[in-house]
There are 2 protein chains.
Amino acid sequence: MREVAAGLRLLQRSTDAFDEAAAARLGLNRTDLRCLDLILAEESLSAGALTAAAKLSPAATTTAIDRLERAGYVTRTRDAANRRRVLVTATEQARTAEREVYGPLAEAGAQALRRYTKDQLALITGFLATACRVQEEQSARISELPEA
Amino acid sequence: MREVAAGLRLLQRSTDAFDEAAAARLGLNRTDLRCLDLILAEESLSAGALTAAAKLSPAATTTAIDRLERAGYVTRTRDAANRRRVLVTATEQARTAEREVYGPLAEAGAQALRRYTKDQLALITGFLATACRVQEEQSARISELPEA
DNA sequence: AGCTATCATTTCGACTGTCGAAATTTACGC
DNA sequence: GCGTAAATTTCGACAGTCGAAATGATAGCT
């Protein structure tokens, strides 16, 4: 009960620390890393799509792409089908870095989960979904609160 | 397995959204909210202790306290025992806001956890601790990687 | 074909938050 | 008392973000 709340806080902290370490490793700031992850998740992404996915302003997205490009993690190409669009594509260097950073994490995670039965895993995913739902509901409640 | 990873990502997103909403509600930025939470957790905190706890530079801490003070959430008092120190104390307004924001979250969380048996709760806290440990180990691994 | 309205991205100017280093105020040992 | 160290604040500079204007590209209409 109280332990669950504490565990969630610690989990958040460790996630944050991991992201920080990953960004430092790649020589990026957190925003750029988030953008790079989004780009890696798709084959390639238009600048506008990245703006939407990262919830940044168009201007901030442009400079984030600039930094990623300068660091060698992405390339810009104009979309042949619609030359207004700029396609952002991850480089091989980015994929290598991704494997180096996330590969062992995925491996260690899988290893740790092997200790659980199928039913236990189902319980855990159920819990995660519930926690998510509760937090979303509460975010919505706060947003709709009348001005103080 | 894959669902657990996905669940963790979504959980992180929802936590982030909640923090964002809470900060917006209080008219603070994320850093200031984090500082305020740290101050609320203790009776009161010296500026230096806050610097350490929030992992900010002394300069950034000073301006964060300035903003919190201007917003009416904390007061500055010089420590009587050691007048070099500045004690930062949360106001009643801060406690009220805290109850408004976190009270219902705690309530909803407790409600959701009521569906689980004691054993199931133990499984969940165990999982959270494991996830934490794995992420910490991986953060450490990344930090110690030789330069690219 | 040419004009115009619209779309996608970038550039520009301003602002916020952070930092390192110097300055200020207070405490302590000799 | 005086010099040194401690705690915080001030100062100047810098990185990242935003909104709005500018630029480049497309599609529709006549």
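Quick note on labels: first sequence line is chain A, next is B, and so on, each numbered from 1.
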Trainee: With a cut-off of 3.5 Å and sequence neighbours excluded, list every side-chain donor-acceptor pair involving residues 118-128 of chain A.
Mentor:
from     : atom 1 : to       : atom 2 : distance (Å)
A:Gln120 : OE1    : A:Thr117 : N      : 2.9
A:Thr125 : OG1    : A:Leu121 : O      : 3.3
A:Thr125 : OG1    : A:Ala122 : O      : 3.0

Trainee: One character per nucleotide, please: for nucleotides 8-14 of chain C, 5' to 3', B when the base has a protein heavy atom closer than 4.0 Å, S when only the sugar-phosphate does, - otherwise.
Mentor: SSBB---
Trainee: Only counting residues at least two apart or in another chain, list the ones meeting side-chain hydrogen bond (donor to acceptor under 3.5 Å, both in side chains) with A:Glu137.
Mentor: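 Partners of A:Glu137 by the side-chain hydrogen bond (donor to acceptor under 3.5 Å, both in side chains) criterion, ordered by chain and then number, come out as A:Arg133.
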Trainee: Among residues at least two apart in sequence or on other chains, which ones pass side-chain hydrogen bond (donor to acceptor under 3.5 Å, both in side chains) with A:Glu69?
Mentor: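 For A:Glu69 the side-chain hydrogen bond (donor to acceptor under 3.5 Å, both in side chains) partners, ignoring immediate neighbours, are A:Arg76.
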Trainee: B:Leu50 has an atom CG; how far is it from atom P of D:dA7, in whole Å?
Mentor: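 Distance check: B:Leu50 CG to D:dA7 P gives 15 Å.
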Trainee: Can a side chain N or O of A:Arg67 be found less than 4.0 Å away from OP1 or OP2 on D:dT17?
Mentor: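 Yes.
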Trainee: Enumerate the residue pairs fulfilling side chain to side chain donor-acceptor pair (under 3.5 Å) with a member in residues 101-113 of chain A, sequence neighbours excluded, ordered by first and then second residue.
Mentor: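 Of all non-adjacent pairs touching residues 101-113 of chain A, those that pass side chain to side chain donor-acceptor pair (under 3.5 Å) are A:Asp37-A:Tyr102, A:Gln111-A:Arg114.
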Trainee: Please list all pairs passing the side chain to side chain donor-acceptor pair (under 3.5 Å) test where one or both residues lie in residues 5-24 of chain B, with sequence neighbours left out.
Mentor: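 Residue pairs passing side chain to side chain donor-acceptor pair (under 3.5 Å), neighbours aside: A:Gln12-B:Asp19, A:Asp19-B:Gln12, A:Gln135-B:Ser14, A:Gln135-B:Thr15, B:Asp16-B:Arg30, B:Glu20-B:Arg30.
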Trainee: Expressed in angstrom and rounded to an integer, what is the separation of B:Arg30 atom CZ from D:dG16 atom P?
Mentor: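 In whole Å, D:dG16 P lies 18 Å from B:Arg30 CZ.
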Trainee: Would you check if the side chain of B:Ser46 reaches a backbone N or O of B:Leu87 as a donor-acceptor pair within less than 3.5 Å?
Mentor: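 Side chain of B:Ser46 to backbone of B:Leu87, a donor-acceptor pair under 3.5 Å: no, none is there.
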Trainee: Take the protein atom CG of A:Asn29 and the nucleotide atom C1' of C:dC19, then report the distance between them rounded to whole Å.
Mentor: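 Those two atoms, CG and C1', are 15 Å apart.
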Trainee: Give the rounded distance in Å between these two atoms: CG of B:Asp79 and P of D:dT9.
Mentor: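 In whole Å, D:dT9 P and B:Asp79 CG are 13 Å from each other.
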Trainee: Measure from CZ on A:Arg83 to P on D:dA27 and round the result to the nearest Å.
Mentor: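 In whole Å, D:dA27 P and A:Arg83 CZ are 12 Å from each other.
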Trainee: Relative to the 5' end of DNA chain D, which residue comes earlier, A:Ala80 or A:Lys55, by the nucleotide with the nearest heavy atom?
Mentor: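 Looking at DNA chain D, the more 5' nearest nucleotide goes with A:Lys55.
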